Amino acid sequence: MKLLVTGGAGYVGSVCAARMVESGHEVVVVDDLSTGHIDAVPDGCRLVQADLADVADPLLAEGFDGVLHFAAKSLVAESMADPAKYWAGNVLASVRLLDAVQRHGTPRLVFSSTAAVYGEPDQVPIPESAPTRPTSTYGATKLAIDHAITSYATAHGFAAVSLRYFNVAGAHGRFGERHTTETHLIPIVLQVALGQRDEVKIYGTDWPTEDGTCVRDYIHVTDLADAHLLALEHAVPGEHRIYNLGNGTGFSVRQVVDTCREVTGHPIPATVAGRRPGDPATLVAASERAQADLGWKPERPTLETMVTDAWTFARLTPRVRRSSD
Ligand code: UDP
C-alpha cells in the first residue's frame with residue numbers, strides 16, 4: 001500500500017513508519033519537525049516537511065491507499081496553558097486532513113487517539129464504552145477529532161479506526177522517545193541512569209493502590225505499531241471503529257523505577273514529591289475488542305522488555321534538553 005504517515009518524525013509515528021516500510025509498504029512522511037526529529041524518519045520514506053493543514057490536500061491528490069495520522073501536540077500541561085495551539089494544531093489540521101481524505105477518495109484512515117479521552121475512569125480496566133470525559137485540553141482535542149472522524153467516515157464511506165493508546169514505552173531499534181520537554185516516567189528515569197538528571201521525583205505515594213504509587217498500563221511501541229498494521233487491514237468502509245490498546249496489566253511507578261534499576265544497574269535515586277495535578281490513580285485498558293476484531297495481542301508485555309529497549313535506545317541517542325533546562 002502507499003501510505004501517508006503524518007507526524008512520522010515523532011516517537012510513535014517514526015516507529016510505525018519504520019514498521020510499515022519493513023512490511024513492504026511505500027511510505028510518505030509529512031511532519032513540520034516542530035517536535036519531531038529529521039533523523040527519526042526511516043530510510044526509504046519520502047519526507048515532506050510542512051504544516052499538515054497546508055499540504056494535506058495536494059499530498060492526498062497524489063493518490064494514497066491509506067493515512068496514518070499521528071501529527072499532534074501532546075503535552076497535557078502545555079495544552080492547559082495554551083489551548084489555541086491544541087485546537088488549531090490538532091483539531092483544525094485534522095479537519096483539513098479529513099476534507100482531503102474525502103475529496104480524494106482515500107480509502108482508509110487510522111488515527112492515533114489516547115486514553116486521555118476517558119479522564120478519571122469509573123471502572124478499571126477501561127472499556128471503549130466508558131464515558132469520555134477528558135480532564136485536559138489535549139484529551140478534549142483528541143476526542144473532538146474522534147467525533148469528526150465518525151462523521152466523515154459514515155458520511156463519505158471511508159474506513160476509519162481510532163486507536164486509543166495507554167502508556168507507550170520502549171523503542172524499536174533506532175526509533176524511540178526523545179522529547180525536548182520530557183515529562184514521561186520511563187525516559188526521565190533513564191535520564192537519571194545516564195547521569196543527565198540527579199533523581200526521579202515520584203508524584204505521590206498515598207494513592208489508593210497496592211504500593212501507594214500510580215498504576216499505568218504500559219504498552220511496547222512495537223506492539224502498538226503492529227496494531228496499526230492490523231487496523232489498516234481490518235478497517236471497514238463507512239465505519240469508524242475504536243479500540244483501546246494496552247497490556248491489560250498495570251505497573252506502579254515504584255515497579256517502573258525498580259525495573260529501571262535492574263536493567264541499568266544504576267541505583268536511580270528517587271524522592272517522593274506531591275501528587276501531580278490531573279493524575280488518576282490507576283489507568284488500565286480493556287483491550288479485548290482489539291484482540292477479538294484485529295487479532296492483535298501484545299507480544300512484548302513485560303516491563304523488562306520495554307525498559308531494556310528504551311535503555312538501548314537512550315544510550316544510542318545524543319543528549320536532549322531536559323524539561324528543567
Ligand atoms: N510520574 C512520576 N514522576 C515523573 C513522571 C511521571 O512519578 O517524573 C508518574 C506520573 O504521576 C504517572 C506515571 O508516572 O502516575 C506515568 O506518568 P507519565 O507522564 O509517563 O504518563 P501519563 O500516565 O501521565 O500519560
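Every heavy atom of this structure was used, including side-chain atoms; hydrogens, water molecules and symmetry mates were not. Just so it is clear, the model here is predicted, and its values are computed rather than measured.
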Nearest heavy-atom approach of H104 to L60 is CB-O, 3.6 Å
Is D32 reaching over with its side chain to a backbone N or O of S34, donor-acceptor style, under 3.5 angstrom?
-> yes
Output, in order, the C-alpha distance, side-chain angles, deciding distance and verdict of side chain to side chain donor-acceptor pair (under 3.5 Å) for S112 and Y165.
-> CA-CA 8 Å; S112 163; Y165 317 154; 3.1 Å; yes
Trace of the salt bridge (charged side-chain N to carboxylate O under 4.0 Å, His left out) decision for R46 with E62 = CA-CA 13 Å; R46 184 174 122 215; E62 284 180 16; 2.7 Å; yes
Show your reasoning for whether side chain to side chain donor-acceptor pair (under 3.5 Å) applies to N244 and Y118.
-> CA-CA 11 Å; N244 287 345; Y118 296 115; 2.7 Å; yes
Side-chain (D217) to main-chain (G250) donor-acceptor, under 3.5 angstrom | no
To the nearest 0.5 Å, what is the distance between CG (L224) and CH2 (W296)?
-> 7.5 Å
Sub-3.5 Å donor-acceptor pair from the side chain of S79 to the main-chain atoms of P83, do we have one?
-> no
Is the shortest distance from a Lys or Arg side-chain nitrogen in D226 or R19 to a carboxylate oxygen in the other one below 4.0 Å?
-> yes
With the threshold set at 4.0 Å, does a side-chain nitrogen-carboxylate oxygen contact exist between R254 and E210?
-> no
Between K201 and E199, does at least one N-O distance fall below 4.0 Å, as a salt bridge requires?
-> yes
Residues forming a ring pair (Phe, Tyr, Trp, His ring centres under 6.0 Å) with Y86, sequence neighbours excluded = none
Same apolar cluster: I126 and L245, side chain cutoff 4.5 Å = no
Considering only NZ, NE, NH1 and NH2 on the basic side and carboxylate oxygens on the acidic side, decide whether D279 and R216 come within less than 4.0 Å.
-> yes
Side chains of P298 and Q291 in contact at under 4.5 Å (non-hydrogen atoms) | yes
Ignoring hydrogens and angles, tell me if any N or O in the side chain of H25 forms a donor-acceptor pair with the backbone of V27 under 3.5 Å.
-> no
Write down the atom of I145, the atom of N90, and the distance for their closest heavy-atom approach.
-> CD1-O, 3.4 Å
Which heavy-atom pair separates L294 from A227 by the least distance, and what is that distance?
-> CD1-O, 4.4 Å
Does D57 pair with R103 as a salt bridge, N-O distance under 4.0 Å?
-> yes
Please check if the side chain of S151 supplies one atom and the backbone of H147 the other of a donor-acceptor pair under 3.5 Å.
-> yes
Taken to the nearest 0.5 Å, the spacing of D293 CG from Y243 OH works out to 3.5 Å
Could you tell me whether the side chain of V5 reaches within less than 4.5 Å of the side chain of V30, counting heavy atoms only?
-> no
Side-chain donor-acceptor contact under 3.5 Å, D309 with H172 | no
Would you please test L163 and F111 for side-chain contact (heavy atoms from CB on, under 4.5 Å) and show each step?
-> CA-CA 6 Å; L163 300 175; F111 175 54; over 6 Å; no
Find out whether H220 and E299 are in side-chain contact, i.e. whether some heavy atom of one side chain is under 4.5 Å from a heavy atom of the other.
-> no
Establish whether V15 and L230 are linked, either directly or via other cluster members, by ILVMFWY side-chain heavy-atom contacts under 4.5 Å.
-> yes
Pair R164 + D146, salt bridge at N-O below 4.0 Å = yes
Partners meeting ring pair (Phe, Tyr, Trp, His ring centres under 6.0 Å) with F70 (sequence neighbours left out) | H228
Gap separating the CE atom of M1 from the CE atom of M20, nearest 0.5 angstrom = 8.0 Å
Test log, rule side-chain contact (heavy atoms from CB on, under 4.5 Å), inputs L98 and I149 | CA-CA 7 Å; L98 289 169; I149 293 172; 4.1 Å; yes
K2, NZ atom: more than 12 neighbouring heavy atoms under 6.0 Å | yes
For A286 and E128, which heavy atoms make the closest approach, and how far apart are they?
-> O-OE2, 3.9 Å
Close side-chain approach of W311 to L194, heavy-atom, < 4.5 Å | yes
Answer yes if the side chains of H240 and S162 hold a donor-acceptor pair under 3.5 Å, and no otherwise.
-> yes
Does E78 come within less than 4.0 Å of K85, counting only side-chain N to carboxylate O?
-> yes
Is there side-chain contact between V256 and L303, with heavy atoms separated by less than 4.5 Å?
-> yes
Using a 4.5 Å cut-off on heavy atoms from C-beta on, say whether the side chain of F158 contacts that of Y152.
-> yes
Using only heavy-atom distances, determine whether the side chains of N247 and T249 contain a donor-acceptor pair under 3.5 Å.
-> no
How many angstroms lie between OG1 in T35 and CG in L75, if you round to the nearest 0.5 Å?
-> 8.0 Å
Charged N to carboxylate O under 4.0 angstrom, R96 versus D51?
-> no
Are the side chain of T264 and the backbone of H266 linked by a donor-acceptor contact shorter than 3.5 Å?
-> yes
Indicate yes or no for a side-chain donor-acceptor contact from H234 to the backbone of V161 under 3.5 Å, with no hydrogens or angles considered.
-> no
Starting from the C-alpha separation in whole Å, work towards a yes-or-no answer on side-chain contact (heavy atoms from CB on, under 4.5 Å) for L3 and E26.
-> CA-CA 6 Å; L3 301 172; E26 179 187 348; over 6 Å; no
Residue pair L190 / C260, side-chain heavy-atom distance below 4.5 Å = yes
Where do P269 and V192 come nearest, in terms of heavy atoms and distance?
-> CD-CG1, 3.8 Å
So do L185 and Y203 actually touch side chain to side chain, heavy atoms under 4.5 Å?
-> no
Q191 and V200: CA distance, side-chain angles, deciding distance, side-chain contact (heavy atoms from CB on, under 4.5 Å) verdict = CA-CA 9 Å; Q191 286 176 353; V200 57; over 6 Å; no
Do I242 and V168 belong together in a cluster built from hydrophobic side chains that touch within less than 4.5 Å?
-> no
May I ask you to decide if A290's main-chain N or O and R241's side chain share a donor-acceptor pair within less than 3.5 Å?
-> no
Hphob cluster co-occupancy, V41 + F175, side-chain heavy atoms under 4.5 angstrom | yes
Closest contact, heavy atoms only, A71 versus H69 = O-CE1, 3.5 Å
In the single-linkage hydrophobic clustering (I, L, V, M, F, W, Y; side-chain heavy atoms under 4.5 Å), do I38 and L4 co-cluster?
-> no
Atom OG1 of T302 and atom CE of M306: how far apart are they, to the nearest 0.5 Å?
-> 6.5 Å
Measure the SG-CG distance between C214 and L283 for me, rounded to the nearest 0.5 Å.
-> 8.5 Å
